[in-house]
Amino acid sequence: MENKEKTGFAKTFSIWFGLGALMFGTFCGANMASGVYAAGYIVTLGGGWALVWLAMFCFAMSFFCAVGLNFVRAFKVSNYNAYYLALYNVHKPDANPMLRGVVTVFFDLYTMAMGVVTVAATISLFAELMNTLLGIPSVVASIAGVLLFTVLTIYGAAFLRKFNTVMTVSLIVCLLAILIAVVSIRGGVLLERIGNFNIGPEWGLATIPAHFMMILNYCFTNSSWGSTLSNYSDQIQTKKDAIGTGVTIGVLVTLLFIMTGLIVLPFMPEVMAGTPILMICQQYLSPVLTIIYWIVVIFSVVSTAPSFTYNFSNRWVTLWKGEQVSRKVKFFILSLAYLVVCWIISGVGLMAIVQKGYIMLGKIALFAIVIPLFISIPRVWKKDKEDAAA
């Protein structure tokens, strides 16, 4: 029987869902799996305000991905450097070379900073897991993590990325199993707190105005995802595909926040510190779930750090001239130096990194990405009219 090529809505939806699944897998990493995102952002003020934060995130993620993908479609860029050059309108050959250089260097540094924050949180989580589960001192576990991630960056990063889908599916199944177990013992508490604006603010973890600004700044970090999606957007040919894919991404990623938020909410505020879902498994659920969760989270940790480290080393190794040192050795030195910096930053703690690091990047993104992205909307309209006329 011949395979029939997808047509109509089936083909369109496959494009939307393909990129949505990619972003779903990207977000389904160590910080999400640990429940830190849920505790630090979504259910910090209870189940009522959680609905507001989820709505804000879903809208921001959908909007920025849709606008970013539509910009990619119009200007036909395929990597983050080309994306930002076009966003600042310095992509043409006659553009001022100094401005091109400033834009390139700035967004190289911004992309590197985003990676440092993510990897620092991953090292912190790895150390907490090793200490909690195996009794290994945190310093020793951190050193072991740095060395492991360095080696995997050289030999195993590509291999690990190929199995990102397997890791994501495994983590989702594990989270569903944990959610079912949580409902069985705290279902009443969960139902009482969902949509309840009275339970949560009295925990004293944050004020509503301060948390609103923190969520808003975190939402601004999503403005940079267009640059990442430009690497995978060759099938985005129409404005409809760009908008449909952006909304699909926003909905799918929000589902991750919903799932982890439902697990953490009934145990707040006791699990605010550390690794919330691991604490829930150890203190309230079956030891079998703890073992399963530990294995899957280790995979998510191991798959996150080498990928971000590889992106850094692969970008800067080209600037290391000379043949006296082999490429593999250069990769090792760059990766080790990068991971040591991340390790030092990880000392401030997992929750602090997630709450403060991404918020700082969000404030930078407001001026460096969000405003130019809004300005790009009429530019895209104008370019579409010019292309149609031509």
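The residues of the chain are indexed from 1 along the displayed sequence.
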Please assess N131 against I136 for the test side chain to side chain contact (heavy atoms under 4.5 Å, CB included), listing each intermediate value before the final yes or no.
-> CA-CA 5 Å; N131 178 260; I136 300 174; 5.8 Å; no

Take F267 and V182 through the side chain to side chain contact (heavy atoms under 4.5 Å, CB included) test and state the conclusion after the steps.
-> CA-CA 9 Å; F267 301 93; V182 167; 3.7 Å; yes

Would you please test R186 and L265 for side chain to side chain contact (heavy atoms under 4.5 Å, CB included) and show each step?
-> CA-CA 10 Å; R186 291 285 180 99; L265 179 58; over 6 Å; no

Please lay out, stage by stage, how S34 and I277 fare under the test side chain to side chain contact (heavy atoms under 4.5 Å, CB included).
-> CA-CA 6 Å; S34 66; I277 296 181; over 6 Å; no

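No donor-acceptor contact under 3.5 angstrom links the side chains of T12 and D241, judged on distance only. S78 and S230 form no side-chain donor-acceptor contact under 3.5 Å, judged by distance and modelled atom types alone.
The heavy-atom pair separating G226 from V72 by the smallest distance is O-CG2, 3.9 Å. The two residues T150 and S335 have their closest heavy-atom pair at CG2-CB, 4.1 Å. G195 and L51 make their closest contact through CA-CD1, 3.8 Å (heavy atoms, listed as atom of the first residue, atom of the second, distance). Listed here is the closest heavy atom pair of A206 and H211: CB-ND1, 4.1 Å. When all heavy atoms of G35 and V264 are compared, the closest pair comes out as O-CG2, 4.2 Å. Looking at every heavy atom in both residues, C65 comes nearest to G246 through CB-CA, 3.9 Å.
Atom NZ of K383 is surrounded by more than 12 heavy atoms from other residues, nucleotides or ligands within 6.0 Å. When the shell of 6.0 Å around NZ of K330 is examined, it contains more than 12 heavy atoms from other residues, nucleotides or ligands. Around OH of Y284, the count of heavy atoms belonging to other residues, nucleotides or ligands within 6.0 Å exceeds 12. Atom CH2 of W381 has 12 or fewer neighbouring heavy atoms from other residues, nucleotides or ligands inside a 6.0 Å radius.
The line from CZ of F57 to OH of Y37 is 8.5 Å long, rounded to the nearest 0.5 Å. In this structure, the separation between OG1 on T260 and CD1 on I42 is 7.5 Å, given to the nearest 0.5 Å. Note that CZ of F220 and CD1 of I215 are 12.0 Å apart. Values are rounded to the nearest 0.5 Å. To the nearest 0.5 Å, atom CG of residue N70 and atom NZ of residue K239 are 6.0 Å apart. The distance from the CZ atom of R379 to the CG atom of L87 is 7.0 Å, given to the nearest 0.5 Å. Here the SG atom belonging to C281 is positioned 11.0 Å from the CD1 atom belonging to I291, to the nearest 0.5 angstrom.
Contact of the S286 side chain with the T290 side chain is not registered, since no non-hydrogen atoms from C-beta on lie closer than 4.5 Å. You'll find the side chain of S223 stays beyond 4.5 Å of the side chain of F374, heavy atoms only. Between I123 and L339 there is a side-chain heavy-atom pair separated by less than 4.5 Å. Using a 4.5 Å heavy-atom threshold, the side chains of M279 and E270 count as separate. Between L229 and I249 there is a side-chain heavy-atom pair separated by less than 4.5 Å. Between L45 and W203 the shortest side-chain heavy-atom distance does not fall below 4.5 Å. With a 4.5 Å cut-off on side-chain heavy atoms, L85 and T104 count as touching. Side-chain contact check for M61 versus T254: every heavy-atom pair is 4.5 Å or farther apart.
Looking only at distances, no side-chain donor or acceptor of S124 sits under 3.5 Å from a matching main-chain atom of A120. Distance alone, capped at 3.5 Å, places no donor-acceptor pair between the T111 side chain and the D108 backbone. Using modelled atom types, one side-chain atom of Y293 and one backbone atom of A33 make a donor-acceptor pair closer than 3.5 Å. T207 places a side-chain N or O within donor-acceptor distance of the main-chain N or O of A210, the cut-off being under 3.5 Å. No donor-acceptor pair closer than 3.5 Å links the side chain of T245 to the backbone N or O of A242. Here the side chain of Y338 pairs no donor or acceptor atom with the backbone of I333 at under 3.5 angstrom. Counting only distance, with no hydrogens or angles, the side chain of S62 and the backbone of F59 share no donor-acceptor pair below 3.5 Å. In this structure, the side chain of R193 engages the main chain of M268 through a donor-acceptor pair within 3.5 Å. A side-chain donor-acceptor contact under 3.5 Å links Q237 to the backbone of D234.
Aromatic pair F149/F126: centroids less than 6.0 angstrom apart. Ring centers of F64 and F71: at least 6.0 Å apart, outside the cut-off.
Taking the six-membered ring where the residue is Trp, Y80 and Y84 present perpendicular rings, their angle passing 60° and hence far from 30°. Using the six-membered ring where Trp is involved, H91 and F75 have ring planes that are perpendicular, over 60° apart on the 30 and 60° scheme.
At a threshold of 4.0 Å, the pair R73-D384 counts as salt-bridged, since one of the basic side-chain nitrogens sits closer than that to a carboxylate oxygen.
Under the 4.5 Å side-chain heavy-atom criterion for Ile, Leu, Val, Met, Phe, Trp and Tyr, I199 and L191 are members of distinct hydrophobic clusters. Neither V189 nor L179 shares a network with the other; the hydrophobic side chains, linked directly or stepwise wherever heavy atoms of I, L, V, M, F, W or Y lie under 4.5 Å apart, form separate groups for each. Residues I185 and I180 do not share a hydrophobic cluster, clusters being chains of Ile/Leu/Val/Met/Phe/Trp/Tyr side chains in contact below 4.5 Å. Taking hydrophobic clusters as Ile, Leu, Val, Met, Phe, Trp and Tyr residues chained together by side-chain heavy-atom distances below 4.5 Å, L262 does not share a cluster with V251. In terms of hydrophobic clustering, with Ile, Leu, Val, Met, Phe, Trp and Tyr side chains grouped at heavy-atom distances under 4.5 Å, I243 and L19 are assigned to different clusters.
Of the options F107, F106, Y83, a ring pair (Phe, Tyr, Trp, His ring centres under 6.0 Å) to Y88 is made by F107 and by none of the others.
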